[in-house]
Amino acid sequence: MEKFPEINEALIEWFESIRANNTPISGALIRQKAMEIENALGTKDFDASNGWLDKFRVRNNVVFRALCGEAADVDEKLWTGQY
């Protein structure tokens, strides 16, 4: 059972809105935003530690990976070795 569901819900909402814009998000940024939410909610005893981040990622199926643009944005010469 999750100890701080209000933080999780607000953080997932924020995360989904940011990712909808293809904005890269790091673990450090998630932790920072979680602490901002914690302060806004006035929650006590919350710590956005690395362990918390790992559990958050597993619980919410969050995967960190490189974001790629449109195929038209790729310079084909880079991939074919023609430079």
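Being a predicted model, the structure only gives us computed values, none of them experimental. Heavy-atom basis, side chains included; hydrogens, waters and symmetry copies ignored.
Rounded to the nearest 0.5 angstrom, Q32 CD and M35 CE are separated by 10.5 Å. The CD atom of E16 sits 8.5 Å away from the CG atom of N60 when rounded to the nearest 0.5 Å.
Other residues, nucleotides and ligands place more than 12 heavy atoms under 6.0 Å from the CG atom of N39.
Heavy-atom minimum distance, S17 versus N21: O-ND2, 3.4 Å. When every heavy atom of D47 is checked against every heavy atom of W52, the shortest pair comes out as O-CB, 3.6 Å. The two residues T43 and E38 come nearest to each other via the heavy atoms O-OE2, 2.6 Å.
Annotation: ring pair (Phe, Tyr, Trp, His ring centres under 6.0 Å) contacts of F4 (sequence neighbours excluded): F46.
Legend: ring-ring contact (aromatic ring centres under 6.0 Å, His included) pairs involving residues 9-29, not counting sequence neighbours: none detected.
You'll find the side chain of R31 reaches within 4.5 Å of the side chain of N50, heavy atoms only. Looking only at side-chain heavy atoms (C-beta outward), K55 and V58 stay at 4.5 Å or farther from each other.
Applying the side chain to side chain contact (heavy atoms under 4.5 Å, CB included) test between K33 and each of L11, I18, I25 identifies L11 as the sole match.
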